[in-house]
Amino acid sequence: MTHDELERALAELPFRLLRGLGRAIAGPPALRMGKRRLIHTIVAGAEANSARIEATFRTHQAEQGALAAGPAPAGGASSEHKSGNPADLRALLEGIGVPEPRPFVPDDWQVEAVEALERGDVIVSVPTGSGKTYVAVEATRRAMYEDRTVVYTSPLKALSNTKYTEFCKLFGPEFVGIITGDRRDNPTAPILIMTTEILRNLLYDAAGGEIDVRLDTLGLVIIDESQFLADPERGVVWEETIIFCPSQARLLLLSASIGNPHELAAWLTCIRPTPCHLVRHQHRSVPLRAAYLHPNGKLTPLFRTVTMPPSPSQAVLHPEAKRLFTLFEEDTVYARRSG
Amino acid sequence: MPPSIHPVHLVTVLRQKSLTPAIVFLTSRRSCDEALQAFEHATDPLPPARQENITAVLDELTAAYPSLQDHPLRRMVTACGVAAHHAGHLPSWKIAIEELMRRGCLDAVFATTTLAAGVDFPARTVVLTQSGVRRDQDFTDLTIAEVAQISGRAGRRGKDSVGFAIVTPSPYMDLGVLIRGLTGRPEPVDSQFIIAYPMVLNLLKAHPLDHIQSILAKSFAQYQMNAQAAHLEHRIEKLHAKLESYKPRECSDWLTQWNAYDHATRQTAMKLQARRHHPPEVRARLPFLTPGRVVAFPRFSGIVLRRYRSRGQRHETVTVLRKGGVVAESPVADIMGVIDHTFAFAPAPAFPWATTEALSWLTQQLEDLPKHLPFLTVPPAPDDGEGELVKSLGDLFPCPSCPCRPTCAKEFKAANTVKQEWLHHTRTVQSLRTGLWHKFQARADILQDLGYLDPAFKLTADGEWARLIRIDFSLLITELIRAQAFKDIAPSTLAGLMACIAYENDRPNSFPRISGVLASLVATARRMAEALAAYDDPPLLRADVGGLAERWVGDATLTWAQLCRATSMAEGDIYRLLSRTLEYLSQVHSLQSTHPDLATLAAEALSRIRRGVLEELP
């Protein structure tokens, strides 16, 4: 092949291949070269690298061939590429729907928590929606048998109201009272729903010498959403409530999954007369799956596995989700720049 | 391609894949409302059977919450089966939406991420559209606990065999944050213990001052700080052992002495710097290098014409006349010796630094000088800088004569680093162990100064009632009561002021005008808050929000709809403002025994606030 022929042939190669070739011949400076200079460099070094140049031409031909022959046999493959892997999506959406109705059987941890409450304080740290309420209700029922007052606190008035309605249905409205900053219904009932601030204030008054029958017969204090302890403004109220909680009452702390339940349990054991039992698990009662929905309406699994990866380091994105998200980012970046 | 998926499209896709009901978490109330608006004409209405279902549930709830009757969004929800759920709505509306979701009547609810904790209803699917959340003025990433809270809503027990968390991108979304949130371990819960004035008063009411420290020690804050302190103490022990390894010495506190020396050296370093650059023997010669002095260089000798130091140069230079009339510059350090011979000549202000006649005369003299002339013996200058320094330190630095001075000098730097770290940790441990108690004492001292506590830290008469005010800004409110600011005012004015103190959001809105009395009362409160600023963070004290509470309390015929029309504030916010005002007023109401007039006033305001929408709900 003469220099001129080689030059013409090279000019038809895609830039990507030219650059690879240039880099092999001239090293990293080739990465900064334009097409014309690359061709010159390659032609100049052609004699010493003829094998490599030929290999590049072969690669190019193979690619061309694949492209030309592509649509016919690989039609399914390319549409599959477009829509991701339908098998993966089917696996993701499999089993969707209403489960077989099963008689309610409490989980082991729920039973464990209720039993442990007989012996001392209990912290329950389980994922949202896995049935903390069952523990609260069961513990309340047991305290009721023993003629003890139960106080149930939650951080938000709205949650208190929901719980009030729920407990009224379970135990009958005459046994349930609610006290919040602006509502007082049946405040001498054996089961009292209140915001944590109200309980703190009751404990303040009791410590200040005002006699409160409710606190004397107090058998159980349920503190819902106790991860609010870390709230920058209101967290202190949770702490005070726990510190001042009468020693004859049992504490039941219900919280979502938190990072350091052991520390909380160790603290409670430290300051309370009875040791604190920790009930925790990461298992969701309804399994969770993650999906990615592209703005064009295309749904793909988010992770390579159907189940959730156990830790961020093991979270591998589904290739299709990754591709689409990259595409989205490129589009929005471009839109932002031009806009 | 649109920047993020259109809400109607989103719900259509979810319906197709039977992923409904879903909760779609958006960043702001506005985006929730806009998403809902998008359904107005975009979709076919629900099948009549489902619409009837929704209507039935709503009608059932209307019995308990009359405000649902004419709710403007009612038609929309019934027709499309989608709803918005955010803090801008009335609690009754939110309860209705939650109930509809629980019964599975709705396909999608658009909710704000900020209120993820308040969204207490499950769905089959949650849709995450953002990785950040607005907090105060900032936009911060969702924490793992928050993402867990959100994804925890996916999958209803007994109704779903699988729950779904769907991520759909929007501009500025960080997928990494969501992946971490979905798969990571939640953050630890850390104590946020703060010592507020009501706490101090209530603790001192129940316990004598000497018991307080043991009560504070029971806090989780102290527990965590103790753990931290124990960790540091372990490190301190290690550092101590390291320090021990430097012993034995002549003196026990060599580090202190050397530290004093090091400190003094640093202090005088600047002054010494100029002189330091020449070795002592060169420095000793400097006074002799006057114009006319004969000096010897290694190869030749010459006569000094002038001595100078250029700006920015460290070394002195001399201009020297050499044999043959050459005038040249040389650094003083090159001079080999000073010769005991000088010539008096007439200097000139510029090159060649001597008059022409003097120059030729000097050249002549130089030629005539004998070859070998005796050098002046100049004793090297004492290292006066350091000497003085050591002298000035006196007893602080007795080391000069100490036999182990060289060892000390060598090891001082490393040992000092260890010692400083040790000191730092020791101080940290101390503040960790006693910090809470000191903070409590500081607060108690302030309360003593203000007259709520007597010299023995028992509650005074003022303290006895002030401890019943257990809300934010309690100090401001009790001080206002003591200053009789609430004398002879109407219940509406009191409610207005409480609203101003209670409302802490700086979202701009338009409000009804406030009365002159309230304006002057707010001004008084503001002055008081400024005076108390050193003791307590002042409240925002927006005067404009007071207008709402004032009107609601002042005009008993005002309906909720009329009140909402008077302001651009969202319904839910007005409700929250009034219900917080209610809380504050009921605190004031608790002062019946000591301030009967004020309590009556508060009671009247309370009874007037509790009507209409505020009565139907807790």
Side-chain angles (χ1 to χ4, degrees), chain A residues 93 95-99 127-129 131 156-159 161-162 178 180-183 201 204 207-208 227 229-232 235-236 239-240 243 256-260 264 267 270-271 284-293 295-297 299 302 308-312 315 325 328 331-332 335, chain B residues 1-5 9-10 13 17-18 91 94 118 120 122 145 148-149 151-169 171 175 179-180 182-194 199 202 205-206 215 218-221 223 470 579 582-583 586 618:
Chain A
L93 296 178
I96 200 167
V98 183
T128 319
L156 302 170
K157 263 184 254 171
L159 293 181
N161 291 323
T162 319
I178 183 167
T180 63
D182 47 16
R183 179 183 189 186
N201 288 351
Y204 268 170
Q227 74 273 14
L229 194 85
D231 187 88
V236 59
E239 254 181 78
E240 284 178 277
I243 298 170
S257 290
I258 54 172
N260 57 346
L264 271 178
W267 169 55
C270 233
I271 64 162
R284 287 174 50 104
S285 50
V286 179
L288 183 72
R289 291 180 195 165
Y292 173 84
L293 179 65
N296 65 9
L299 193 72
L302 181 63
M308 298 294 275
S311 74
F325 186 70
F328 173 82
D331 280 0
T332 47
Chain B
M1 193 189 293
S4 47
I5 192 161
H9 190 191
L10 171 70
V13 171
K17 308 270 184 206
S18 53
K94 289 200 280 186
D120 189 25
Q149 183 91 26
S151 62
R153 302 286 164 223
R156 297 159 298 175
R157 221 179 182 196
K159 283 190 200 162
D160 288 317
S161 40
V162 199
F164 287 89
I166 295 183
V167 175
T168 180
L175 198 57
I179 290 170
R180 258 199 308 285
L182 285 171
T183 58
R185 212 177 101 139
E187 293 83 2
V189 160
D190 285 325
S191 171
Q192 301 289 338
F193 203 72
I194 21 175
M199 187 201 283
N202 281 292
K205 163 79 180 169
I215 293 173
K218 287 168 83 180
S219 66
F220 189 46
Y223 183 83
R470 292 152 183 166
S579 91
L582 228 142
E583 248 172 75
S586 56

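If you're wondering where the values come from, they're calculated on a predicted model, not measured in any experiment. Sequence lines set the chain letters: A, B, ... in the order given, protein chains first and strands last, and positions in each chain run from 1.
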Check your understanding: Taking every heavy-atom pair that is under 4.5 Å apart, which of B/Ala148, B/Ser191, B/Ala145, B/Pro122 has the most such pairs with chain A?
Key -> B/Ser191
**Study point:** Top contributor to chain B contacts, counting heavy-atom pairs under 4.5 Å, from A/Ala315, A/Pro310, A/Ser311, A/Ala256
**Key:** A/Ser311
Revision key, fill the gap. Cut-off 4.5 Å, heavy atoms of chain B, and the answer for A/Arg284 is side chain
Point to revise | Contact leader toward chain A among B/Pro188, B/Gly184, B/Ala206, B/Pro169, where contacts are heavy-atom pairs under 4.5 Å | key: B/Pro169
Check your understanding: Are B/Ile179 and B/Val167 close enough, and set up right, to give a side chain to side chain contact (heavy atoms under 4.5 Å, CB included), and what steps lead you there?
Key -> CA-CA 9 Å; B/Ile179 290 170; B/Val167 175; over 6 Å; no
Review point. Between A/Gly97, A/Cys270, A/Pro127, which has the largest tally of heavy atom pairs under 4.5 Å with chain B?
Key: A/Gly97
**Study point:** Residues B/Thr168, B/Ser4; criterion side chain to side chain contact (heavy atoms under 4.5 Å, CB included); working and verdict
**Key:** CA-CA 8 Å; B/Thr168 180; B/Ser4 47; 5.9 Å; no
Check your understanding: Most heavy-atom pairs under 4.5 angstrom with chain A, which of B/Glu187, B/Arg180, B/Met199?
Key -> B/Met199
Revision key, fill the gap. Scored by heavy-atom pairs under 4.5 Å with chain A, the best of B/Lys205, B/His9, B/Lys159, B/Arg185 is B/Lys159
Review point. Does the salt bridge (charged side-chain N to carboxylate O under 4.0 Å, His left out) test come out yes or no for B/Arg470 and A/Glu240, once each step is laid out?
Key: CA-CA 13 Å; B/Arg470 292 152 183 166; A/Glu240 284 178 277; over 6 Å; no
Review point. If every non-hydrogen atom of B/Val189 is compared with every non-hydrogen atom of A/Leu229, which pair is closest and at what distance?
Key: CG1-CD2, 3.7 Å
Exercise for review: Using non-hydrogen atoms and a 4.5 Å limit, figure out which bit of A/Phe325 sits close to chain B: side chain, backbone, both or neither.
Suggested key: side chain
Revision key, fill the gap. In terms of heavy-atom contacts, A/Ile96 and B/Ser161 come closest through C-OG, 4.1 Å
**Study point:** chain B contact via A/Leu93 - side chain, backbone, both or neither, heavy atoms under 4.5 Å
**Key:** both
Review point. If you count heavy-atom pairs under 4.5 Å between each of B/Ala165, B/Gly155, B/Ser151, B/Ala154 and chain A, which one has the most?
Key: B/Ala165
Point to revise | Shortest non-hydrogen contact from A/Leu288 toward A/Met308 | key: O-CG, 3.3 Å
Exercise for review: Tell me, out of A/Gly235, A/Gly131, A/Ser257, who's got the most heavy-atom pairs with chain B below 4.5 Å.
Suggested key: A/Ser257
Check your understanding: Given that the side chain runs from C-beta out, which part of B/Val13 has a heavy atom under 4.5 Å from chain A: side chain, backbone, both or neither?
Key -> side chain
Review point. Below 4.5 Å, heavy atoms only, C-beta onward: do A/Trp267 and A/Glu239 meet side chain to side chain?
Key: yes
**Study point:** Exercise: identify the closest heavy-atom pair between A/Ala291 and A/Leu299
**Key:** CB-CD1, 4.1 Å
